[in-house]
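Presented below is the structure to which this report refers.
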There are 2 protein chains.
Amino acid sequence: MRSYGEYCAVAKSLDVVGNRWTLLIVRELLLRGPARYTDLRDGLPGIATNLLAERLRELEEEGLVARVQAPPPVATTLFRLTPRGEELRPVIERLVLWGMPLMAQQLPNDAVRSHWIGFALESMLSDHDPDGPPLMIELRTGDQPVTLETHDGAVRARFGSADHPDAVLAGPPKPIAGFLIGWIELADAEAAGVRHEGDPKAFDRVRALPEAAPPATA
Amino acid sequence: MRSYGEYCAVAKSLDVVGNRWTLLIVRELLLRGPARYTDLRDGLPGIATNLLAERLRELEEEGLVARVQAPPPVATTLFRLTPRGEELRPVIERLVLWGMPLMAQQLPNDAVRSHWIGFALESMLSDHDPDGPPLMIELRTGDQPVTLETHDGAVRARFGSADHPDAVLAGPPKPIAGFLIGWIELADAEAAGVRHEGDPKAFDRVRALPEAAPPATA
DNA sequence: CAGCATCCGCTTTGATACTG
DNA sequence: CAGTATCAAAGCGGATGCTG
(Lines give C-alpha, C1' and ligand atoms only; values in the text may rest on other atoms or scores of the structure.)
Protein backbone atom coordinates (compact mmCIF):
# COMPACT_ATOMS: atom_id res chain seq x y z
CA MET A 1 0.00 0.00 0.00
CA ARG A 2 1.01 3.55 -0.53
CA SER A 3 2.19 5.43 2.51
CA TYR A 4 0.00 8.25 3.72
CA GLY A 5 3.16 10.34 4.00
CA GLU A 6 2.12 11.96 7.27
CA TYR A 7 4.32 12.42 10.31
CA CYS A 8 1.50 11.18 12.57
CA ALA A 9 1.33 8.08 14.76
CA VAL A 10 -2.10 7.05 13.47
CA ALA A 11 -1.10 7.42 9.84
CA LYS A 12 2.13 5.53 10.41
CA SER A 13 0.25 2.72 12.12
CA LEU A 14 -2.11 2.48 9.18
CA ASP A 15 0.85 2.49 6.81
CA VAL A 16 1.71 -0.84 8.43
CA VAL A 17 -1.63 -2.46 9.31
CA GLY A 18 -4.14 -0.40 7.31
CA ASN A 19 -4.02 -2.66 4.30
CA ARG A 20 -7.04 -4.72 3.43
CA TRP A 21 -7.01 -8.09 5.26
CA THR A 22 -3.96 -7.24 7.35
CA LEU A 23 -5.71 -6.71 10.68
CA LEU A 24 -7.85 -9.79 10.10
CA ILE A 25 -4.70 -11.86 9.62
CA VAL A 26 -3.42 -10.47 12.91
CA ARG A 27 -6.75 -11.38 14.50
CA GLU A 28 -6.40 -14.97 13.35
CA LEU A 29 -2.87 -15.20 14.69
CA LEU A 30 -3.95 -13.70 18.01
CA LEU A 31 -6.71 -16.29 18.27
CA ARG A 32 -4.87 -19.33 17.08
CA GLY A 33 -1.32 -18.72 18.11
CA PRO A 34 1.19 -20.16 15.64
CA ALA A 35 -0.82 -21.32 12.63
CA ARG A 36 -0.33 -22.98 9.29
CA TYR A 37 -1.02 -21.24 6.03
CA THR A 38 -4.01 -23.48 5.42
CA ASP A 39 -5.53 -22.78 8.82
CA LEU A 40 -5.17 -19.08 8.25
CA ARG A 41 -6.92 -19.40 4.92
CA ASP A 42 -9.77 -21.27 6.58
CA GLY A 43 -10.09 -18.47 9.13
CA LEU A 44 -10.16 -15.83 6.41
CA PRO A 45 -12.87 -16.97 4.02
CA GLY A 46 -12.86 -14.90 0.86
CA ILE A 47 -9.19 -13.95 0.84
CA ALA A 48 -7.37 -14.60 -2.42
CA THR A 49 -4.57 -17.02 -1.78
CA ASN A 50 -1.98 -14.79 -3.42
CA LEU A 51 -3.04 -11.91 -1.18
CA LEU A 52 -2.60 -14.01 1.95
CA ALA A 53 0.91 -14.91 0.85
CA GLU A 54 1.70 -11.29 0.02
CA ARG A 55 0.35 -9.96 3.32
CA LEU A 56 2.27 -12.53 5.31
CA ARG A 57 5.44 -11.49 3.53
CA GLU A 58 4.74 -7.83 4.29
CA LEU A 59 4.01 -8.58 7.94
CA GLU A 60 7.23 -10.54 8.14
CA GLU A 61 9.21 -7.63 6.66
CA GLU A 62 7.61 -5.25 9.14
CA GLY A 63 8.61 -7.51 12.00
CA LEU A 64 5.07 -8.37 13.11
CA VAL A 65 5.09 -11.99 12.00
CA ALA A 66 7.77 -14.66 12.06
CA ARG A 67 7.98 -17.91 10.15
CA VAL A 68 9.01 -20.95 12.20
CA GLN A 69 9.56 -24.57 11.30
CA ALA A 70 7.34 -26.92 13.26
CA PRO A 71 9.09 -29.86 14.95
CA PRO A 72 9.52 -33.16 13.00
CA PRO A 73 6.17 -34.94 13.59
CA VAL A 74 4.33 -32.33 11.52
CA ALA A 75 7.28 -30.58 9.88
CA THR A 76 5.38 -27.72 8.34
CA THR A 77 5.97 -23.99 8.48
CA LEU A 78 4.06 -22.06 11.08
CA PHE A 79 3.33 -18.35 11.17
CA ARG A 80 3.33 -16.65 14.55
CA LEU A 81 3.15 -13.10 15.85
CA THR A 82 6.31 -11.46 17.15
CA PRO A 83 6.06 -9.46 20.42
CA ARG A 84 5.57 -6.35 18.31
CA GLY A 85 2.69 -8.06 16.55
CA GLU A 86 1.19 -9.19 19.86
CA GLU A 87 1.11 -5.55 20.91
CA LEU A 88 -1.75 -5.05 18.47
CA ARG A 89 -4.05 -6.99 20.80
CA PRO A 90 -5.35 -3.88 22.61
CA VAL A 91 -6.08 -2.23 19.27
CA ILE A 92 -8.11 -5.23 18.13
CA GLU A 93 -9.86 -5.50 21.48
CA ARG A 94 -11.05 -1.93 21.14
CA LEU A 95 -12.21 -2.68 17.65
CA VAL A 96 -14.19 -5.62 19.03
CA LEU A 97 -15.91 -3.42 21.60
CA TRP A 98 -16.75 -0.80 19.01
CA GLY A 99 -17.98 -3.34 16.48
CA MET A 100 -20.08 -5.47 18.81
CA PRO A 101 -23.33 -3.58 18.12
CA LEU A 102 -22.86 -4.42 14.45
CA MET A 103 -23.20 -8.09 15.33
CA ALA A 104 -26.91 -7.41 15.76
CA GLN A 105 -27.19 -7.78 12.02
CA GLN A 106 -26.08 -11.08 10.64
CA LEU A 107 -26.16 -10.85 6.87
CA PRO A 108 -27.32 -13.89 4.88
CA ASN A 109 -23.90 -14.53 3.37
CA ASP A 110 -21.83 -13.88 6.50
CA ALA A 111 -19.36 -16.65 7.15
CA VAL A 112 -19.40 -17.99 10.71
CA ARG A 113 -16.45 -19.30 12.73
CA SER A 114 -16.96 -20.16 16.35
CA HIS A 115 -13.58 -18.83 17.42
CA TRP A 116 -14.51 -15.34 16.21
CA ILE A 117 -17.44 -15.42 18.59
CA GLY A 118 -15.31 -16.75 21.41
CA PHE A 119 -12.73 -14.05 20.84
CA ALA A 120 -15.32 -11.29 20.90
CA LEU A 121 -16.77 -12.65 24.13
CA GLU A 122 -13.31 -12.56 25.73
CA SER A 123 -13.33 -8.79 25.34
CA MET A 124 -16.93 -8.40 26.44
CA LEU A 125 -17.24 -10.72 29.44
CA SER A 126 -15.58 -11.06 32.81
CA ASP A 127 -15.80 -13.47 35.73
CA HIS A 128 -18.05 -11.98 38.42
CA ASP A 129 -16.77 -14.51 40.95
CA PRO A 130 -13.00 -14.49 40.39
CA ASP A 131 -12.34 -16.55 43.53
CA GLY A 132 -14.82 -19.26 42.68
CA PRO A 133 -13.92 -22.64 41.15
CA PRO A 134 -12.86 -22.74 37.49
CA LEU A 135 -15.79 -22.47 35.12
CA MET A 136 -16.11 -23.91 31.64
CA ILE A 137 -18.86 -23.16 29.16
CA GLU A 138 -18.86 -24.89 25.82
CA LEU A 139 -20.30 -23.16 22.78
CA ARG A 140 -21.46 -25.19 19.79
CA THR A 141 -22.05 -22.99 16.79
CA GLY A 142 -20.46 -22.49 13.41
CA ASP A 143 -17.78 -24.91 12.38
CA GLN A 144 -16.40 -26.40 15.59
CA PRO A 145 -16.88 -26.12 19.35
CA VAL A 146 -15.17 -23.44 21.39
CA THR A 147 -14.87 -23.30 25.17
CA LEU A 148 -14.98 -20.30 27.47
CA GLU A 149 -12.91 -20.60 30.64
CA THR A 150 -12.53 -18.27 33.60
CA HIS A 151 -8.99 -17.22 34.38
CA ASP A 152 -7.90 -14.53 36.87
CA GLY A 153 -11.21 -12.74 36.69
CA ALA A 154 -11.19 -12.72 32.93
CA VAL A 155 -12.78 -15.03 30.38
CA ARG A 156 -10.63 -16.90 27.88
CA ALA A 157 -11.71 -18.77 24.78
CA ARG A 158 -9.99 -21.81 23.37
CA PHE A 159 -10.61 -24.18 20.48
CA GLY A 160 -12.27 -27.50 21.20
CA SER A 161 -14.88 -28.85 23.57
CA ALA A 162 -14.64 -29.33 27.32
CA ASP A 163 -14.49 -32.73 29.02
CA HIS A 164 -16.93 -31.81 31.76
CA PRO A 165 -18.36 -28.39 30.95
CA ASP A 166 -20.43 -26.64 33.59
CA ALA A 167 -22.83 -25.63 30.86
CA VAL A 168 -23.29 -25.82 27.10
CA LEU A 169 -24.91 -23.51 24.58
CA ALA A 170 -25.70 -24.82 21.12
CA GLY A 171 -27.41 -23.23 18.14
CA PRO A 172 -27.13 -20.19 15.89
CA PRO A 173 -24.36 -17.71 16.76
CA LYS A 174 -26.37 -14.51 17.03
CA PRO A 175 -28.69 -15.50 19.90
CA ILE A 176 -25.84 -17.30 21.69
CA ALA A 177 -23.70 -14.17 21.58
CA GLY A 178 -26.71 -11.93 22.23
CA PHE A 179 -27.60 -13.86 25.37
CA LEU A 180 -24.09 -13.82 26.84
CA ILE A 181 -23.64 -10.15 25.99
CA GLY A 182 -26.88 -9.34 27.77
CA TRP A 183 -28.95 -8.19 24.83
CA ILE A 184 -31.55 -10.90 25.24
CA GLU A 185 -32.70 -13.33 27.94
CA LEU A 186 -32.26 -17.08 27.92
CA ALA A 187 -35.92 -17.60 27.03
CA ASP A 188 -35.49 -15.36 23.97
CA ALA A 189 -32.37 -17.25 22.98
CA GLU A 190 -34.25 -20.53 23.23
CA ALA A 191 -37.02 -19.10 21.09
CA ALA A 192 -34.29 -18.28 18.54
CA GLY A 193 -33.14 -21.87 18.45
CA VAL A 194 -30.55 -22.03 21.22
CA ARG A 195 -30.44 -25.19 23.34
CA HIS A 196 -28.58 -25.39 26.62
CA GLU A 197 -27.35 -28.02 29.03
CA GLY A 198 -26.01 -27.83 32.56
CA ASP A 199 -26.68 -25.26 35.23
CA PRO A 200 -28.04 -21.97 33.86
CA LYS A 201 -26.48 -20.20 36.85
CA ALA A 202 -23.11 -20.79 35.19
CA PHE A 203 -24.09 -18.25 32.56
CA ASP A 204 -24.83 -15.57 35.14
CA ARG A 205 -21.30 -15.79 36.46
CA VAL A 206 -19.82 -14.43 33.26
CA ARG A 207 -22.77 -12.89 31.51
CA ALA A 208 -22.76 -9.13 30.92
CA LEU A 209 -25.54 -7.30 32.71
CA PRO A 210 -28.58 -6.75 30.48
CA GLU A 211 -28.59 -3.21 29.19
CA ALA A 212 -29.85 -1.22 26.26
CA ALA A 213 -29.96 -3.68 23.40
CA PRO A 214 -29.04 -2.51 19.92
CA PRO A 215 -31.87 -2.43 17.37
CA ALA A 216 -33.03 -5.97 16.75
CA THR A 217 -32.19 -5.97 13.05
CA ALA A 218 -31.86 -8.80 10.56
CA MET B 1 -15.46 -1.07 0.10
CA ARG B 2 -16.56 -4.58 -0.29
CA SER B 3 -17.70 -6.29 2.90
CA TYR B 4 -15.52 -9.00 4.36
CA GLY B 5 -18.66 -11.07 4.78
CA GLU B 6 -17.65 -12.41 8.17
CA TYR B 7 -19.88 -12.64 11.25
CA CYS B 8 -17.08 -11.18 13.41
CA ALA B 9 -16.93 -7.93 15.33
CA VAL B 10 -13.49 -7.01 13.99
CA ALA B 11 -14.46 -7.68 10.40
CA LYS B 12 -17.71 -5.75 10.78
CA SER B 13 -15.83 -2.80 12.27
CA LEU B 14 -13.45 -2.82 9.35
CA ASP B 15 -16.39 -3.01 6.95
CA VAL B 16 -17.27 0.45 8.30
CA VAL B 17 -13.94 2.13 9.08
CA GLY B 18 -11.41 -0.08 7.30
CA ASN B 19 -11.51 1.90 4.09
CA ARG B 20 -8.48 3.87 3.09
CA TRP B 21 -8.51 7.41 4.62
CA THR B 22 -11.59 6.73 6.76
CA LEU B 23 -9.86 6.49 10.15
CA LEU B 24 -7.71 9.50 9.32
CA ILE B 25 -10.84 11.53 8.65
CA VAL B 26 -12.16 10.42 12.03
CA ARG B 27 -8.83 11.45 13.57
CA GLU B 28 -9.18 14.94 12.13
CA LEU B 29 -12.72 15.29 13.43
CA LEU B 30 -11.68 14.06 16.88
CA LEU B 31 -8.90 16.66 16.94
CA ARG B 32 -10.74 19.60 15.49
CA GLY B 33 -14.29 19.08 16.55
CA PRO B 34 -16.77 20.32 13.94
CA ALA B 35 -14.74 21.21 10.88
CA ARG B 36 -15.18 22.60 7.41
CA TYR B 37 -14.46 20.61 4.29
CA THR B 38 -11.44 22.76 3.53
CA ASP B 39 -9.97 22.35 6.99
CA LEU B 40 -10.34 18.60 6.71
CA ARG B 41 -8.58 18.66 3.39
CA ASP B 42 -5.74 20.64 4.90
CA GLY B 43 -5.45 18.08 7.69
CA LEU B 44 -5.35 15.20 5.21
CA PRO B 45 -2.62 16.16 2.75
CA GLY B 46 -2.60 13.84 -0.23
CA ILE B 47 -6.28 12.91 -0.19
CA ALA B 48 -8.07 13.31 -3.49
CA THR B 49 -10.94 15.73 -3.09
CA ASN B 50 -13.44 13.33 -4.61
CA LEU B 51 -12.40 10.69 -2.10
CA LEU B 52 -12.88 13.06 0.82
CA ALA B 53 -16.37 13.85 -0.40
CA GLU B 54 -17.17 10.17 -0.92
CA ARG B 55 -15.84 9.12 2.49
CA LEU B 56 -17.79 11.86 4.25
CA ARG B 57 -20.92 10.68 2.50
CA GLU B 58 -20.28 7.10 3.58
CA LEU B 59 -19.55 8.14 7.16
CA GLU B 60 -22.78 10.11 7.19
CA GLU B 61 -24.74 7.11 5.92
CA GLU B 62 -23.17 4.91 8.60
CA GLY B 63 -24.18 7.40 11.28
CA LEU B 64 -20.66 8.34 12.35
CA VAL B 65 -20.64 11.87 10.94
CA ALA B 66 -23.33 14.55 10.76
CA ARG B 67 -23.51 17.60 8.57
CA VAL B 68 -24.55 20.79 10.36
CA GLN B 69 -25.10 24.35 9.16
CA ALA B 70 -22.88 26.87 10.95
CA PRO B 71 -24.65 29.93 12.40
CA PRO B 72 -25.10 33.05 10.18
CA PRO B 73 -21.77 34.89 10.60
CA VAL B 74 -19.92 32.15 8.76
CA ALA B 75 -22.84 30.23 7.30
CA THR B 76 -20.93 27.25 6.01
CA THR B 77 -21.50 23.55 6.45
CA LEU B 78 -19.59 21.82 9.20
CA PHE B 79 -18.88 18.13 9.63
CA ARG B 80 -18.91 16.72 13.12
CA LEU B 81 -18.76 13.29 14.71
CA THR B 82 -21.91 11.76 16.11
CA PRO B 83 -21.70 10.04 19.52
CA ARG B 84 -21.19 6.77 17.67
CA GLY B 85 -18.29 8.32 15.81
CA GLU B 86 -16.82 9.71 19.03
CA GLU B 87 -16.75 6.17 20.36
CA LEU B 88 -13.88 5.47 17.99
CA ARG B 89 -11.60 7.58 20.18
CA PRO B 90 -10.31 4.62 22.24
CA VAL B 91 -9.56 2.72 19.05
CA ILE B 92 -7.52 5.62 17.69
CA GLU B 93 -5.78 6.17 21.02
CA ARG B 94 -4.60 2.57 20.99
CA LEU B 95 -3.40 3.02 17.45
CA VAL B 96 -1.43 6.08 18.60
CA LEU B 97 0.25 4.10 21.36
CA TRP B 98 1.12 1.29 18.99
CA GLY B 99 2.36 3.60 16.28
CA MET B 100 4.43 5.91 18.43
CA PRO B 101 7.70 3.96 17.94
CA LEU B 102 7.26 4.50 14.22
CA MET B 103 7.60 8.23 14.80
CA ALA B 104 11.30 7.58 15.31
CA GLN B 105 11.61 7.63 11.57
CA GLN B 106 10.52 10.81 9.89
CA LEU B 107 10.64 10.27 6.15
CA PRO B 108 11.81 13.12 3.93
CA ASN B 109 8.41 13.65 2.35
CA ASP B 110 6.32 13.27 5.50
CA ALA B 111 3.85 16.09 5.91
CA VAL B 112 3.84 17.72 9.34
CA ARG B 113 0.88 19.19 11.22
CA SER B 114 1.36 20.36 14.76
CA HIS B 115 -2.03 19.11 15.92
CA TRP B 116 -1.09 15.55 15.00
CA ILE B 117 1.83 15.82 17.39
CA GLY B 118 -0.34 17.38 20.08
CA PHE B 119 -2.90 14.63 19.72
CA ALA B 120 -0.32 11.89 20.02
CA LEU B 121 1.10 13.52 23.15
CA GLU B 122 -2.39 13.56 24.70
CA SER B 123 -2.36 9.77 24.64
CA MET B 124 1.24 9.47 25.80
CA LEU B 125 1.52 12.04 28.60
CA SER B 126 -0.17 12.68 31.91
CA ASP B 127 0.02 15.31 34.62
CA HIS B 128 2.24 14.06 37.44
CA ASP B 129 0.96 16.79 39.75
CA PRO B 130 -2.80 16.73 39.16
CA ASP B 131 -3.51 19.04 42.12
CA GLY B 132 -1.01 21.68 41.05
CA PRO B 133 -1.90 24.90 39.24
CA PRO B 134 -2.93 24.68 35.58
CA LEU B 135 0.02 24.22 33.27
CA MET B 136 0.36 25.37 29.67
CA ILE B 137 3.14 24.41 27.27
CA GLU B 138 3.17 25.85 23.81
CA LEU B 139 4.63 23.87 20.93
CA ARG B 140 5.82 25.63 17.80
CA THR B 141 6.43 23.19 14.99
CA GLY B 142 4.88 22.41 11.65
CA ASP B 143 2.22 24.74 10.41
CA GLN B 144 0.82 26.50 13.47
CA PRO B 145 1.25 26.55 17.25
CA VAL B 146 -0.48 24.04 19.49
CA THR B 147 -0.82 24.22 23.26
CA LEU B 148 -0.73 21.42 25.81
CA GLU B 149 -2.82 21.99 28.92
CA THR B 150 -3.23 19.93 32.06
CA HIS B 151 -6.78 18.93 32.90
CA ASP B 152 -7.89 16.48 35.59
CA GLY B 153 -4.58 14.69 35.60
CA ALA B 154 -4.56 14.34 31.83
CA VAL B 155 -2.95 16.41 29.12
CA ARG B 156 -5.09 18.06 26.47
CA ALA B 157 -3.98 19.67 23.23
CA ARG B 158 -5.68 22.59 21.54
CA PHE B 159 -5.02 24.71 18.48
CA GLY B 160 -3.35 28.08 18.90
CA SER B 161 -0.79 29.62 21.21
CA ALA B 162 -1.05 30.41 24.91
CA ASP B 163 -1.23 33.94 26.30
CA HIS B 164 1.19 33.25 29.12
CA PRO B 165 2.62 29.77 28.61
CA ASP B 166 4.66 28.24 31.41
CA ALA B 167 7.09 27.02 28.79
CA VAL B 168 7.59 26.88 25.04
CA LEU B 169 9.23 24.37 22.74
CA ALA B 170 10.05 25.40 19.18
CA GLY B 171 11.78 23.55 16.37
CA PRO B 172 11.51 20.33 14.38
CA PRO B 173 8.74 17.94 15.42
CA LYS B 174 10.75 14.79 15.99
CA PRO B 175 13.04 16.01 18.77
CA ILE B 176 10.18 17.95 20.39
CA ALA B 177 8.05 14.82 20.53
CA GLY B 178 11.04 12.65 21.37
CA PHE B 179 11.91 14.82 24.35
CA LEU B 180 8.38 14.92 25.79
CA ILE B 181 7.94 11.19 25.25
CA GLY B 182 11.16 10.54 27.12
CA TRP B 183 13.24 9.12 24.30
CA ILE B 184 15.86 11.86 24.52
CA GLU B 185 16.97 14.51 27.01
CA LEU B 186 16.54 18.24 26.68
CA ALA B 187 20.19 18.69 25.76
CA ASP B 188 19.80 16.20 22.91
CA ALA B 189 16.69 18.01 21.72
CA GLU B 190 18.58 21.30 21.71
CA ALA B 191 21.35 19.69 19.72
CA ALA B 192 18.67 18.65 17.23
CA GLY B 193 17.50 22.23 16.83
CA VAL B 194 14.88 22.61 19.55
CA ARG B 195 14.74 25.95 21.39
CA HIS B 196 12.89 26.41 24.66
CA GLU B 197 11.62 29.24 26.82
CA GLY B 198 10.24 29.34 30.35
CA ASP B 199 10.90 27.02 33.24
CA PRO B 200 12.27 23.61 32.14
CA LYS B 201 10.68 22.13 35.26
CA ALA B 202 7.34 22.58 33.54
CA PHE B 203 8.33 19.81 31.13
CA ASP B 204 9.07 17.38 33.94
CA ARG B 205 5.52 17.70 35.20
CA VAL B 206 4.05 16.08 32.10
CA ARG B 207 7.04 14.40 30.51
CA ALA B 208 7.02 10.60 30.25
CA LEU B 209 9.79 8.90 32.21
CA PRO B 210 12.81 8.17 30.05
CA GLU B 211 12.86 4.53 29.09
CA ALA B 212 14.16 2.32 26.35
CA ALA B 213 14.26 4.49 23.28
CA PRO B 214 13.36 3.03 19.91
CA PRO B 215 16.20 2.74 17.39
CA ALA B 216 17.38 6.23 16.47
CA THR B 217 16.58 5.89 12.79
CA ALA B 218 16.27 8.50 10.07
C1' DC C 1 -1.54 -31.69 0.27
C1' DA C 2 0.74 -27.17 1.80
C1' DG C 3 2.35 -22.97 0.05
C1' DC C 4 2.62 -20.34 -2.98
C1' DA C 5 3.03 -17.61 -8.28
C1' DT C 6 0.75 -16.04 -12.57
C1' DC C 7 -2.75 -14.19 -15.28
C1' DC C 8 -6.82 -11.38 -16.13
C1' DG C 9 -10.99 -8.56 -15.53
C1' DC C 10 -12.97 -5.48 -12.32
C1' DT C 11 -12.93 -1.92 -8.66
C1' DT C 12 -10.69 1.64 -6.09
C1' DT C 13 -7.56 5.28 -5.84
C1' DG C 14 -4.77 9.50 -7.20
C1' DA C 15 -4.15 13.55 -9.84
C1' DT C 16 -5.96 17.17 -12.07
C1' DA C 17 -9.40 20.02 -14.11
C1' DC C 18 -13.59 22.18 -13.67
C1' DT C 19 -18.20 24.27 -11.46
C1' DG C 20 -22.17 26.49 -8.57
C1' DC D 1 -15.86 27.17 -0.18
C1' DA D 2 -17.47 22.81 -1.25
C1' DG D 3 -17.62 20.01 -3.95
C1' DT D 4 -18.22 17.06 -9.24
C1' DA D 5 -16.08 15.01 -13.50
C1' DT D 6 -12.68 12.52 -15.85
C1' DC D 7 -9.19 9.18 -16.64
C1' DA D 8 -4.83 6.61 -15.90
C1' DA D 9 -2.63 3.67 -12.54
C1' DA D 10 -2.70 0.67 -8.77
C1' DG D 11 -4.98 -2.80 -6.00
C1' DC D 12 -8.01 -6.68 -5.44
C1' DG D 13 -10.79 -11.11 -6.39
C1' DG D 14 -11.16 -15.30 -8.65
C1' DA D 15 -9.36 -18.94 -11.31
C1' DT D 16 -5.72 -21.78 -12.43
C1' DG D 17 -1.14 -23.85 -12.46
C1' DC D 18 3.20 -25.04 -10.39
C1' DT D 19 6.43 -27.16 -6.95
C1' DG D 20 8.39 -29.73 -2.85
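These values consider heavy atoms only, across backbone and side chains, with no hydrogens, waters or symmetry-generated copies. Protein chains get the first letters and strands the later ones, always in sequence-line order, with residue 1 at the start of each.
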Subject >> Plane angle bin for B/F203 and B/H196 - parallel if under 30°, tilted between 30 and 60°, otherwise perpendicular >> reply: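 If you compare the ring of B/H196 with that of B/F203, the planes turn out perpendicular.
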Nucleotide nearest [X] (side chain, heavy atoms from C-beta), chosen from [options]:
X: A/R67; options: C/dG14, C/dC4, D/dT4; result: C/dC4
X: B/R55; options: C/dT13, D/dG13, C/dG14; result: C/dT13
X: A/R20; options: C/dG3, D/dC12, C/dA5; result: D/dC12
X: B/R36; options: D/dG13, D/dA15, D/dC1; result: D/dC1
X: B/N50; options: C/dG3, D/dA5, C/dA5; result: D/dA5
X: A/T38; options: C/dG3, C/dT13, D/dG13; result: C/dG3

Original post:
Roughly how far, to the nearest 0.5 Å, is the CG atom of A/D39 from the CZ atom of A/R32?
Top reply: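 One finds 5.5 Å between CZ of A/R32 and CG of A/D39.
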Atom [atom1] of [X] to atom [atom2] of [N]: distance rounded to whole Å?
X: A/E54; N: C/dC4; atom1: CD; atom2: P; value: 12 Å
X: B/I25; N: C/dT13; atom1: CD1; atom2: C1'; value: 13 Å
X: B/R41; N: D/dT4; atom1: CZ; atom2: P; value: 12 Å

**OP:** Report which part of the nucleic acid A/A53 touches: base, sugar-phosphate, or nothing (heavy-atom distance under 4.0 Å, all strands).
**Re:**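 Here A/A53 touches the backbone only, sparing every base.
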Original post:
Checking all strands, does A/T49 fall into the base, sugar-phosphate, or nothing category for heavy-atom contacts under 4.0 angstrom?
Top reply: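 Base, at least one base atom sits under 4.0 Å.
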Original post:
For D/dG11, does OP1 or OP2 lie under 4.0 Å from any side-chain N or O of A/W21?
Top reply: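 No, outside the criterion.
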Original post:
5'-most contact on DNA chain C: B/N19 or A/Y37, nearest heavy atom basis?
Top reply: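 Closer to the 5' end of DNA chain C: A/Y37.
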**OP:** Please determine if A/E28 and A/R113 form a salt bridge, counting it only when a charged side-chain N lies under 4.0 Å from a carboxylate O.
**Re:**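 Answer for the salt bridge query: no.
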**OP:** Could you tell me whether A/E60 and A/R57 have a side-chain N and a carboxylate O separated by less than 4.0 Å?
**Re:**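 Salt bridge absent between A/E60 and A/R57.
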